[in-house]
Amino acid sequence: MKSHFRVLCFLGLLCVSVLNCFSLEREAFTFTNYDLKVSIDPGQQRLGARGKITLRNDSAAPQKLAVLQISSSLNWLSINALGKPVHFVSEPYNSDIDHTGVLSEAIVSLPDAIASRRSIDLEIAYEGVIPLNATRFTRMDTPEAAARSTDWDQIGPQLTAVRGIGYVTWYPIGTDAASLAEGTDLFAVLSRWKQRETSSTMHLQLSVSTATGTDREQPELLVNASTCPVTHEAEGQFLADCDYRSLGSVVPTFVIADYETVNRPDIVVHFLRGHDASAVNYADAAEKILPLVADWFGAPRAKAETADLPDADSPPFESGSLLLTPLAGSGSKLAGLIATHQLTHAAFSSPRPWINEGLAHFAQALYIGQQKGRPEALDYMGTHRFAFSEAASDKQAATPRSEDEANHSLINTADEQLYRSKAMCVWWMLRDMVGDLSLKKALASYRAEQDKESSYMQRLIQAQTPRDLEWFFDDWVYRDRGLPDFKVESAFTRKMLPEGYMVTITVANLGAAGAEVPIVVKSGAEAVTKRLVVRGKSNAVIRVETLKPPNEVVVNDGSVPESDASNNTFKVDPSDIVK
Ligand SMILES: [Zn+2]
C-alpha cells in the first residue's frame, strides 16, 4: 500500500525525515537468515522475540529503507543496526497475509544505503499476544464459525498452535499487501516470498513456560524444523533449539499441547484427550495404505508425524514433517486419504514442488482408484482441477506472454494450484501413457540429490519407455501451454465384411498443450476405448473397430484436464453409416 504512505508524506507529516517516500520497496530485501530467541507464555497468550535477522538487497537499486512486518497483535520494541538503535516508524499496514488482516510495519531508516546484493544485520525485539483471530475472513463476510475453523492459530493455555507466513506473521517479513478478496492475489504474494526464501535459514530457540503447581502433565512441543531437540529445564520450563534449512518450502510452525501418542513403526500420532479411538483409527488407516504407498514410492524413509487439532472442521495443514489435522470425527476413508498424502511424503521427497506435492496428490488419486475404481479417481481429480482450469482460462484471455509460459511452468511455479492440482493430473497422464510398472521403476530410480537439471525426471521416465516424452514435458512441465481443448471433428463409419464396423475419427485439439487422450466409441451398452495423441493446435485421426453400429464417440474420460469439455461428444447418425 504505497499510496497510503504517500498520502502521509503529502500531508507533510514525515517528509522532512530521511525517509524517501517514493522508493519504499517492500520486497527489495530477502530475509536470508533468522536467529531468533522466542519465549512463549501460553497462560498469558504472549510471545516475546529477540534476535538478529540478515537482510540482502535483491533489488537493482540501493535501499535506504527496510520494511519489517509482524502481526498487528505484536509490537516493535527495538531495532538496532551495528549495535546502535536505528530510527523507525511503526504503522499498521493492511494485508491478508496475517490472520488479523493487518501487519505492524516498521519502516526502518538504515544507517547507510545498502547497495544491490549487499546485506545488513538488524537486531530486533518485539512482543505481544497471539489470540485466535479470523478478521481477514470475517471482514469479507465469511461465517464466523467457518472463519475460526480455518484460522485456528493461537497461543493459549489449552492449545498453542501457530503457523508462520500466510497465517500468523510471528517472525518479520517484507511483502506487498495481499488481499483475499482479490482471489489469487494472496497466492501471488506468498509465492514470491517463498521463492525468495528458498535458500534462507532460521535458527530458532523456543522457550516455553507452562503453568506449574498443577497436576497437568508436561505438555508436548512440536516444531516442524529440520532438526529440533527439545530439552526440559526446570519445572514448568522447556527449551527447543531448532534449525530450518530452507524457508522456501516450510512454514515455520510450533504446537504446544497436552498430547498423548499412538506410536507405530512408521507413524506417530499425537492426539488430544478423548480422541484415542480416532488416533488409533488414523494410525490403522496409515498402516493399511502403507503397501500401496511403498509399492509406488518405496518404503517410508522418515517417520510420519501427525498432530491433532481440536476443531473437527479445521482443514488439514502440512509443512515439513508435520501434519496437523483434526483426528476426531474423521472417518476411516478421510483418514486413509490424508494418511496416503502424508506417507507419500515420508517415502518420497523432492526439492521440486511439482514432484514432491504432485506425487503426494497423485497418490491420493491412486488410493481412491484402489478403493473405488478409476471413474471415482477421475472424479476426485476433477474436483481439484477446477482451481487451475479457472486460472488457465484467465490467462488465456490475455495475450500469452513467453515469460509467463516459463514462469507458470510446473518446473518453475510457486503457485500451489499448479504444483499440487495440475501436477497431480500430469502424473496421472504419465501413468496412463507409460504404464504403472515403468513409472514405478522410474520413481524408484529417483535421487533427490541428483535432481539438478529440470530434465532429470523426464530422463528417468524416458529410460523406462521407448515412447517419446519430450513434447509432453515441453507442453506440461517445462512450459505452461495452458490446457488442451478436444473436439471430435468427424466420425466416419463403414460396415465391414463379414461383420463389424470401422469408425474413422478425427479429433481436433484447439488448445496449445498436447496430450494422449482416451477415445470411447459407444455402441449402445458396449464401448471400445482407444488412446490417441493429439498435439496442441492440431488434428489426429484414429480408426476404431466395433462389433455393433456405433451411436456415439466421446473424446476424454476426464483423465486429461481440458479448458472446455462441452464439445467432446459426437453423435453418429445411423443413416450416415456406409453399408
Ligand atoms: Zn503435501
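Atoms within each ligand, like the ligands themselves, are counted from 1 in listed order.
- With ring centers used as reference points, Y167 lies 6.0 Å or more from W152.
- Among protein atoms, those of element N, O or S found less than 2.8 Å away from the Zn ion (ligand 1) are E318 OE1, E318 OE2, H341 NE2, H345 NE2, E357 OE1, E357 OE2.
- Cation-pi check for R163 over F317 is met; the charged atom lies under 6.0 angstrom from the ring centroid and within 45 degrees of its normal.
- Between W427 and W354, the ring-plane angle classifies as parallel under the 30° and 60° cut-offs.
- Listed by chain and number, the residues in a side-chain contact (heavy atoms from CB on, under 4.5 Å) with E449 are R447 (sequence neighbours excluded).
- A salt bridge is defined here as a Lys NZ or Arg NE, NH1 or NH2 lying under 4.0 Å from an Asp or Glu carboxylate O, and D557 with R531 fails to meet this definition.
- Aromatic pair Y446/Y456: centroids less than 6.0 angstrom apart.
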